[in-house]
Amino acid sequence: MEEITFIIDTAKEAMDKAVKHLEKQFLNIRAGKASPAMLGSVMVDYYGSQTPLSQVANVNTPDGRTISVQPWEKNMLQEIEKAIMNANLGFNPMNNGDFIIINVPPLTEERRRDLAKQAKAEAEDAKIGVRNARKEANNDIKKTDDASEDVQKNAEADIQDLTDKYVKKIDEILAVKEKEIMTV
């Protein structure tokens with residue numbers, strides 16, 4: 001029984017990771033309003049080493065349509081501006097000598113639909129991760145020699161219940177994100 005419990009716990013952990021990864025991916029999908037997370041993937045050349053933007057500057061959102069980036073060292077302004085352009089996020093940074101201002105354009109209807117499709121694809125990837133965890137757990141359960149057939153069937157049913165719970169959770173997270181994306 002201890003082995004079966006370990007297999008179920010491992011599957012639950014893997015499913016948790018799939019959901020956490022989905023939530024992290026959803027942070028990168030912008031939903032109309034400006035957010036410091038939009039620049040999370042920007043890497044700046046900081047004295048020869050690639051450093052995340054958040055480690056060389058303050059990134060704020062003074063309002064829903066603007067992101068301001070204030071470097072800790074003034075001589076980093078050009079490097080940060082270049083890094084934002086190279087990140088290919090579709091932003092046009094403006095340097096005023098003290099900090100960088102990025103106006104986030106409102107999303108078009110077509111772009112909203114594209115982002116919703118992208119969110120659906122990410123959610124599907126998470127579901128695949130959950131199903132893979134289920135498959136691995138079921139295979140491990142079948143390999144246990146000391147468990148009776150009834151115990152194995154019950155464990156597989158538990159794994160299926162867990163899978164259903166996580167797929168439902170992914171669908172709920174997706175519904176919230178789609179609503180956020182489609183709201184004008």
Side-chain angles (χ1 to χ4, degrees), residues 10-133 136 166 169-170 172-183:
T10 304
K12 187 176 190 309
E13 200 175 296
M15 292 177 188
D16 260 341
K17 283 182 183 172
V19 170
K20 289 218 184 331
H21 179 74
L22 174 68
E23 290 169 341
K24 188 176 175 206
Q25 291 301 102
F26 276 180
L27 287 177
N28 294 333
I29 299 175
R30 73 182 184 102
K33 65 179 193 199
S35 159
M38 297 167 129
L39 299 177
S41 62
V42 176
M43 299 297 273
V44 179
D45 182 13
Y46 186 68
Y47 298 108
S49 65
Q50 291 297 311
T51 310
L53 177 62
S54 60
Q55 292 181 13
V56 296
N58 288 328
V59 182
N60 299 323
T61 50
D63 59 57
R65 293 265 174 247
T66 311
I67 300 173
S68 73
V69 180
Q70 186 170 15
W72 296 328
E73 298 175 32
K74 280 229 196 297
N75 61 340
M76 291 303 295
L77 272 170
Q78 267 71 35
E79 284 297 328
I80 292 172
E81 192 173 14
K82 192 165 67 173
I84 293 170
M85 295 291 268
N86 291 342
N88 200 17
L89 298 170
F91 294 139
N92 189 17
M94 294 178 289
N95 180 346
N96 72 0
D98 290 324
F99 49 92
I100 295 170
I101 299 170
I102 300 168
N103 288 320
V104 179
L107 296 173
T108 63
E109 185 66 29
E110 183 182 341
R111 183 68 180 134
R112 287 180 193 279
R113 278 197 287 271
D114 289 346
L115 290 173
K117 278 183 194 170
Q118 185 182 345
K120 275 188 179 126
E122 293 292 346
E124 195 53 46
D125 286 348
K127 287 180 185 178
I128 289 168
V130 167
R131 291 186 201 114
N132 285 342
E136 283 178 31
Y166 277 95
K169 189 175 186 178
I170 289 169
E172 290 167 358
I173 293 169
L174 174 64
V176 168
K177 187 64 177 181
E178 278 184 324
K179 185 175 186 282
E180 187 182 311
I181 290 170
M182 296 312 282
T183 302

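Throughout, numbering of the chain's residues begins at 1 and tracks the sequence.
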Give the intermediate values and the outcome of side-chain contact (heavy atoms from CB on, under 4.5 Å) for residues Asn95 and Gln78. CA-CA 8 Å; Asn95 180 346; Gln78 267 71 35; 3.5 Å; yes
Identify the two heavy atoms, one from Ser35 and one from Ile67, that lie closest to each other, and give their separation to 0.1 Å. O-CD1, 3.7 Å
Could you please spell out the steps behind the side-chain contact (heavy atoms from CB on, under 4.5 Å) verdict for Phe26 and Val176? CA-CA 11 Å; Phe26 276 180; Val176 168; over 6 Å; no
Pairs satisfying salt bridge (Lys or Arg N to Asp or Glu O under 4.0 Å), at least one member in residues 92-105, at least two apart: Lys74-Asp98
Is there side-chain contact between Met94 and Glu81, with at least one heavy-atom pair below 4.5 Å? no
Residue pairs, two or more places apart or on separate chains, that pass salt bridge (Lys or Arg N to Asp or Glu O under 4.0 Å) and touch residues 17-27: none
Report the residues that fulfil side chain to side chain contact (heavy atoms under 4.5 Å, CB included) with Glu79, sequence neighbours left out, ordered by chain and then residue number. Val44, Asp45, Met76, Lys82
Set of residues satisfying side chain to side chain donor-acceptor pair (under 3.5 Å) with respect to Lys117, sequence neighbours excluded: none
How far does CD1 of Ile102 sit from OG1 of Thr61, to the nearest 0.5 angstrom? 11.5 Å
For Glu110, the salt bridge (Lys or Arg N to Asp or Glu O under 4.0 Å) test, sequence neighbours excluded, returns none
Who are the side chain to side chain contact (heavy atoms under 4.5 Å, CB included) partners of Gln118, not counting sequence neighbours? Ile29, Leu115
Give every donor-acceptor pair under 3.5 Å between a side-chain atom in residues 121-129 and any protein atom, sequence neighbours left out.
{"residue": "Glu124", "atom": "OE2", "partner": "Arg131", "partner atom": "NH1", "Å": "3.4"}
{"residue": "Lys127", "atom": "NZ", "partner": "Asp171", "partner atom": "OD1", "Å": "2.6"}

Check step by step if side-chain contact (heavy atoms from CB on, under 4.5 Å) holds for Tyr166 and Lys12. CA-CA 9 Å; Tyr166 277 95; Lys12 187 176 190 309; 3.6 Å; yes
Who are the side chain to side chain donor-acceptor pair (under 3.5 Å) partners of Asn60, not counting sequence neighbours? none
Is the closest side-chain heavy-atom distance between Val104 and Thr66 below 4.5 Å? no
Does Ala119 offer a backbone N or O that forms a donor-acceptor pair with the side chain of Lys177 under 3.5 Å? no
Keeping Arg112 on the side-chain end and Ile181 on the backbone end, is there a donor-acceptor pair under 3.5 Å? yes
For the CD1 atom of Ile84 and the CD1 atom of Ile100, what is their distance to the nearest 0.5 Å? 5.0 Å
Separation between CZ (Phe91) and CG (Leu39), nearest 0.5 Å, reads 6.0 Å
Under 3.5 Å, sequence neighbours excluded: what are the donor-acceptor pairs made by side chains of residues 46-58?
{"residue": "Tyr46", "atom": "OH", "partner": "Glu73", "partner atom": "OE2", "Å": "2.5"}
{"residue": "Tyr47", "atom": "OH", "partner": "Glu73", "partner atom": "OE1", "Å": "2.6"}
{"residue": "Tyr47", "atom": "OH", "partner": "Asn75", "partner atom": "ND2", "Å": "3.3"}
{"residue": "Ser49", "atom": "OG", "partner": "Tyr46", "partner atom": "O", "Å": "3.3"}
{"residue": "Thr51", "atom": "OG1", "partner": "Ser49", "partner atom": "O", "Å": "3.2"}
{"residue": "Asn58", "atom": "OD1", "partner": "Trp72", "partner atom": "NE1", "Å": "3.2"}

Sequence-distant partners of Thr10, side chain to side chain contact (heavy atoms under 4.5 Å, CB included), two or more places apart: Phe6
Which pair of heavy atoms, one from Met15 and one from Ala133, lies closest together, and at what distance? CG-CB, 3.9 Å
Please collect all salt bridge (Lys or Arg N to Asp or Glu O under 4.0 Å) contacts where either partner lies in residues 84-94, sequence neighbours excluded, each pair once. none
For Ser41, what residues pass the side chain to side chain donor-acceptor pair (under 3.5 Å) criterion, not counting sequence neighbours? none
Please name the pair of heavy atoms, one in Val69 and one in Phe99, separated by the smallest distance, quoted to 0.1 Å. O-CB, 3.1 Å
